[in-house]
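Since this is a predicted model, take the numbers as computed values, not measurements. We name chains A, B, ... by the order of the sequence lines, and we start the count at 1 in each one.
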Protein chains: 2
Amino acid sequence: MNRVTIFDVAREAGVAISTVSTALSGGPGVSDATRARVRGIAQSMGWVPSMRGRSLVSKRAWAVGLLIQRPATVLEADPFFSGFIAGVEAVLDEAGYALLLQFADSAQQVLERLPRWALGGVVDGVFLTDVEVEDARYELVRDLGLPAVAINTPVWHESLCPVSQDTLGGLRELMDHLIRLGHRRIGHVSGPPQFLHSGQRETVWREALAAAGLAEGPLVRGDFTSEGGVRAADLLLRGPEWPTAVVCANDLTAIGFISQAAELGISVPDDISVTGFDGIQLGSYITPSLTTVQTSPQVLGRRAAEVLLEMVAGRPVQPVEVEPAQLILRRSTAVPPRS
Amino acid sequence: MNRVTIFDVAREAGVAISTVSTALSGGPGVSDATRARVRGIAQSMGWVPSMRGRSLVSKRAWAVGLLIQRPATVLEADPFFSGFIAGVEAVLDEAGYALLLQFADSAQQVLERLPRWALGGVVDGVFLTDVEVEDARYELVRDLGLPAVAINTPVWHESLCPVSQDTLGGLRELMDHLIRLGHRRIGHVSGPPQFLHSGQRETVWREALAAAGLAEGPLVRGDFTSEGGVRAADLLLRGPEWPTAVVCANDLTAIGFISQAAELGISVPDDISVTGFDGIQLGSYITPSLTTVQTSPQVLGRRAAEVLLEMVAGRPVQPVEVEPAQLILRRSTAVPPRS
DNA sequence: CCTTCGATCCGAAACGTTTCCGTGGCAGGA
DNA sequence: TCCTGCCACGGAAACGTTTCGGATCGAAGG
């Protein structure tokens, strides 16, 4: 594959390969004249370092991995990953690092692939997303000595550093807002139960109701998709007693919910208020525009990549907390109907 | 990094490293008894092959690259890439290949990085998306001998194979549909001019108008974003003579257009029909649901990955044509207003 | 003039794997 | 009994780079 090697450059320049290596890598021990000459020859010969040879001896892969424990279609469905990857890439590119992307069908598959990545020297570090309630990956990366950055997790050890954003504060504000508007029956469409943040959001909803002395509204289990929002609307709005407001676990669910409400002849926000979570772009372009909590996946990606590169370089790191997610009030929420 | 090497396994098993290698790789020349014993020992010692050593000698990186010539935020904005990557990953995973993802700010940067990937042995092949009018990448991959799969391009040579989907047929049907509904002034919000498909879509619009004997409607240059759709609506709907239908270059633009139309008190589809292009999920959940042409980025990804792996393996390949994009009629189109 | 030292460069080992070729043993045939 | 041939395995080179210790040479200091 590789036409011109460091050996060819050395022969052409009449020096030893060690001299070429030193000259090109910028290390000391070679005269400026030689360095310039070698540089010129390497350039003119079109020499490109073989990452294969280089990483074999330098023990660095010059790549980090993102192993997503979901079906690959999540990229389309969940807007978090697109933004996160965008943020990650912005940092990696500058550092000359590449991002290795892979999807896993099951937790089992993740636990099989991480050692292959780590021990096989494929990547120098990994990002861990979608923290689960009982997450075996944390122990694994410690055992492997694999630098890892985890998103929104309280756990922290020598080879794992969290990068987090407080998203629940915004959700509490959202609940307060609904309650202040006068809503008394506030339902919830949750996310998949295996994810930590699904449970957290549900808890915030529950606690806010309790704190306001309100009875617990109806709860429907969703799956973070628009489809799930449609199904939830069918379940909640077919009966006699609707909630006057529904807090959805993410924007896609909320958009599906609003769509199906319209289908059933129920107006948002006149008949029912609906809120989302994530703050995707399209939320401001649908009708009615979506009240939501805006998270910052791109910022999380940037900071996560910065921290991971520090860890790979062997420098000490501290957990990072980015700006809290913000409540965005739009038109999908209003005072409850008179009736 | 790698604790236990093939050497350790050989010592433990009392055989030569070549025997271990042969036994584990499944090649002939090793007795079944020895093979089983070596396998067992390697397993129990937790041996994982070093991709560094392996790829150095086998001259394969076990990874392919996707070098996207756009800012990283495109992942959020353009739904094509999410679906495409999902499709690619589904195939790569089965083959044990990984996907290397990188974004480039400029065409220049792409032309610098491709040789580093190819000659550096970082990847075994690449996907080329966002075909441009004059695309220097085609010549480059040929010179590098780098297997490449390009999406929706007519070009084809020994190390470049196209995987395509006819999307323009659906767009022609869409134009016919609008004209049959009775529309006579049909505008267009285009995409960025540097992309080949932007121009192609514009041409289809223009030719359909001409074929129907209609005057060319107003044209606004968009940028594939919702923001662009908002701006286009401002431009087209502020004047005295609206078009009765507007064909947008993609769904996001259409959604932005519809949103801003509503803002201006103009109803879709009663006052004006609006169409999109791409067929994103959310198109069926907004109000009114979006008439669009549904493309298949995920299928393209699957087929592209299959073809690329064939090329990497050195087998001959043929250009692939997937099912044409389909016109999806929803509620954002209707007969033009009486006036 | 001899010693010492720093600067510069060379040679060789090492990284972990695959692959080619050689060697030994054993069985079968003459 | 000896030769032939095959099968199983061992030895060693090769991949392309980095790194480390040593060699050479000129200059500076005594």
Hey, what's the ring geometry for F224(A) with H197(A), parallel, tilted or perpendicular (30° and 60° as the breaks)?
parallel
To the nearest Å, how far apart are R3(A) CZ and dT17(D) C1'?
20 Å
Rounded interatomic separation in angstrom, taking CG from L24(B) and P from dG16(C)
16 Å
Counting only side-chain heavy atoms from C-beta out, which of dG16(C), dT17(D), dC10(C) sits nearest to A16(A)?
dC10(C)
Under the criterion salt bridge (Lys or Arg N to Asp or Glu O under 4.0 Å), I'd like the reasoning laid out for D105(B) against R113(B): C-alpha separation, chi angles, the key distance, then a yes or no.
CA-CA 11 Å; D105(B) 299 332; R113(B) 285 185 185 176; over 6 Å; no
Report which part of the nucleic acid S55(B) touches: base, sugar-phosphate, or nothing (heavy-atom distance under 4.0 Å, all strands).
nothing
Taking the side chain as every heavy atom from C-beta outward, state whether R3(A) and D8(A) have any atom pair closer than 4.5 Å.
no
Euclidean distance, atom CZ of residue R60(A) to atom C1' of dT18(D) [Å, nearest integer]
14 Å
In whole angstrom, what separates R52(B)'s CZ from dA14(D)'s P?
25 Å
Provide a list of protein-nucleic acid N or O atom pairs under 3.5 angstrom, restricted to nucleotides 5-7 of chain C.
none

dA13(C) C1' sits how many Å from L56(A) CG, rounded?
13 Å
Does a side-chain heavy-atom distance below 4.5 Å link S159(A) with L146(A)?
no
Rounded to whole Å, how long is the line connecting atom CZ of R11(B) with atom P of dG16(C)?
13 Å
May I have the distance from M51(A) (atom CE) to dT18(D) (atom C1'), rounded to whole angstrom?
13 Å
Distance in angstrom units between W62(B) CH2 and dT17(C) P, rounded:
15 Å
Any ion pair linking R52(A) and D124(B) (charged N to carboxylate O, less than 4.0 Å)?
yes
Going by atom types alone, do E323(B) and S296(B) pair a side-chain donor with an acceptor below 3.5 Å?
no
Heavy-atom side-chain proximity of I85(B) to L75(B) below 4.5 angstrom:
yes
Establish, with yes or no, whether the OP1 or OP2 oxygen of dT18(D) is under 4.0 angstrom from a side-chain nitrogen or oxygen of K59(A).
no
For nucleotides 18-20 of chain C, tabulate all protein N/O to nucleotide N/O atom pairs closer than 3.5 Å, reporting atom names and distance.
unit_1, atom_1, unit_2, atom_2, d
dT18(C), OP1, R54(B), NE, 3.2
dT18(C), OP1, R54(B), NH2, 3.2
dT18(C), OP2, S21(B), OG, 2.7

Tell me every residue that passes salt bridge (charged side-chain N to carboxylate O under 4.0 Å, His left out) with R303(A), counting only those two or more places apart in sequence or in another chain.
E306(A)
Between D130(B) and F80(B), is there a side-chain heavy-atom distance shorter than 4.5 Å?
no
